[in-house]
Amino acid sequence: MRLVIIGPPGAGKGTQAELLSRELAVPHFSTGDILREARRAETELGRRAQTYMDAGELVPDDVILRIMDEALQHSGGFLLDGFPRTVAQAEGLHRILAARDQRLDAVINLAVADEELVRRLSSRRICEDCGAVAQAIDRPASGVCSQCGGKLVQRPDDGPETIRRRLEVYRSQTQPVLRWYRGSDVPVLDIEGLGGVEDVQRRVAHRLEH
Ligand code: AP5
């Protein structure tokens, strides 16, 4: 299956994509994770992306399209999280797939109210070393990553000002992507993202089956 998950910052794209990729046995590509990994490794890409990410702005389309063209080269099925995020990226993805005689099966649109997004993002902590997201329930006891023992920190773009900017960028640059897909022959599955992780997971599975 070839799927895209779209939603505002904090909607649960990464959380649901990880569960769904295991369920469907397809690779999960997150442009945010790829860029954060490049930052940790201090590569040229990481250095270039840092200023945009810390300000809550989007990394330029040509950089993202190059990364994804390469990432998708050997993938029959996949789950894309955080990409495409602009209409230019959606058009680029369409070209990349068409050149390989492939098309998307569906776009999953996760919707969550702004106040819940702000609550989730401001309380999120990630591991400074491996980047894993720590579930709130683990944190008070340990303060360290349950996977590698690294220190848990706030993601650099999860401060109040940057969250506000990311939400604006989502509305101005990513919502048009949903309109673009609604005008195409790729089905858009609108899913309520409020509620527990497992409830949302069940809703996604149900929409994919019917
Ligand atoms: P990216 O990493 O993609 O960030 P984002 O879209 O802002 O999304 P988040 O990772 O913040 O949230 P999410 O929806 O994945 O939610 P999560 O599952 O983590 O991008 C970061 C930056 O990289 C961008 O700002 C940009 O600069 C750059 N970038 C990336 N892709 C790009 C592209 N294509 N083009 C240009 N630039 C790009 O959940 C959030 C929190 O809520 C977690 O703590 C989680 O545990 C919790 N949670 C999840 N589900 C639930 C639930 N149901 N109930 C309660 N809590 C929940």
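Indexing begins at 1, ligand by ligand and atom by atom, following the structure's order. Computed from a predicted structure; not experimentally measured.
Contact annotation: for Leu35 versus ligand 1, heavy atoms closer than 4.0 Å belong to the side chain alone. Contact annotation for Ile64 and ligand 1: only side-chain heavy atoms (C-beta onward) come within less than 4.0 Å of the ligand. Residue-level proximity to ligand 1 for Val133 is carried by the side chain, the only part with a heavy atom below 4.0 angstrom.
Here CD of Gln50 is found 12.5 Å from CZ of Arg36. Values are rounded to the nearest 0.5 Å.
Here is the list of ligand 1 atoms found below 4.0 Å of a heavy atom in Gly196: 53 (N). Shown in contact with Gly195 at under 4.0 Å from a heavy atom are these atoms of ligand 1, numbered in order with element: 52 (C), 53 (N), 54 (N). Close approach to Gly82 involves these atoms of ligand 1, each under 4.0 Å from a residue heavy atom: 31 (N), 32 (C), 33 (C), 34 (N). For ligand 1, the atoms closer than 4.0 angstrom to any heavy atom of Gln89 are 33 (C), 34 (N), 35 (N), 36 (C). The ligand atoms of ligand 1 that sit less than 4.0 angstrom from a heavy atom of Arg36 are 2 (O), 21 (C). The contact set between ligand 1 and Pro8, taken as ligand atoms under 4.0 Å from a residue heavy atom, comprises 14 (O). Atoms of ligand 1 lying under 4.0 Å from at least one heavy atom of Val197, given by number and element, are 50 (N), 51 (C), 52 (C), 53 (N). Atoms of ligand 1 found under 4.0 Å from any heavy atom of Leu121 (numbered from 1 in listed order, with element): 11 (O).
The closest approach between a heavy atom of Gly10 and any atom of ligand 1 is below 4.0 Å.
Taking all heavy atoms of Arg155, Lys13, Glu18 into account, the minimum distance to atom 10 (O) of ligand 1 is reached by Arg155. Of the listed residues (Gln50, Arg119, Gln173, Glu57), the one carrying the non-hydrogen atom nearest atom 26 (C) of ligand 1 is Glu57. With Ser123, Ala88, Gly14 as candidates, the residue nearest to atom 15 (O) of ligand 1 on a non-hydrogen basis is Gly14. Comparing Gln201, Glu116, Arg124, Arg85 against atom 19 (O) of ligand 1, the shortest heavy-atom distance belongs to Arg124. Looking at Met68, Arg120, Met53, Arg125 and measuring to atom 22 (C) of ligand 1, the nearest heavy atom belongs to Met53.
Contact of the Asp157 side chain with the Arg166 side chain is registered, since non-hydrogen atoms from C-beta on lie closer than 4.5 Å. Side-chain contact between Ile108 and Leu20 is present, with heavy atoms from C-beta onward closer than 4.5 Å. The shortest distance between side-chain heavy atoms of Arg165 and Tyr170 does not fall below 4.5 Å.
Note: no N/O pair closer than 3.5 Å links Pro84 and ligand 1 by distance alone. Not a single N or O atom of Phe83, backbone or side chain, sits closer than 3.5 Å to an N or O atom of ligand 1. Considering both main-chain and side-chain atoms, Asp33 never comes within under 3.5 Å of ligand 1 through any nitrogen or oxygen pair. Residue-to-ligand polar distances keep Ser30 apart from ligand 1: every N/O pair is separated by 3.5 Å or more. Between Ala11 and ligand 1, a contact under 3.5 Å exists for at least one N or O pair.
Between Arg39 and Asp54, at least one side-chain N (NZ, or NE/NH1/NH2) sits under 4.0 Å from a carboxylate O, which counts as a salt bridge. Of the charged side-chain nitrogens involved, at least one lies within less than 4.0 Å of a carboxylate oxygen, so that Asp69 and Arg100 count as a salt-bridged pair. One finds a salt bridge joining Asp185 and Arg103 here, because a Lys/Arg side-chain nitrogen approaches an Asp/Glu carboxylate oxygen to under 4.0 Å. Using a 4.0 Å cut-off between a side-chain N of Lys or Arg and a carboxylate O of Asp or Glu, Glu168 and Arg171 do not qualify as a salt bridge. Electrostatic pairing of Glu116 and Arg120 counts as a salt bridge here, judged by a charged N lying under 4.0 Å from a carboxylate O.
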Please lay out, stage by stage, how Arg182 and Asn109 fare under the test side-chain contact (heavy atoms from CB on, under 4.5 Å).
CA-CA 11 Å; Arg182 288 189 208 282; Asn109 173 34; 3.6 Å; yes
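By the criterion of side-chain heavy atoms lying less than 4.5 angstrom apart, applied directly or through intervening Ile, Leu, Val, Met, Phe, Trp or Tyr residues, Ile34 is not grouped with Leu79; the two fall into different hydrophobic clusters.
Arg85 and Thr174 make their closest contact through O-OG1, 2.9 Å (heavy atoms, listed as atom of the first residue, atom of the second, distance).
Other members of the cluster containing Ile163 are Val112, Leu117, Val118, Leu121, Leu167, Leu194, with ILVMFWY side chains joined at under 4.5 Å, either directly or via other members.
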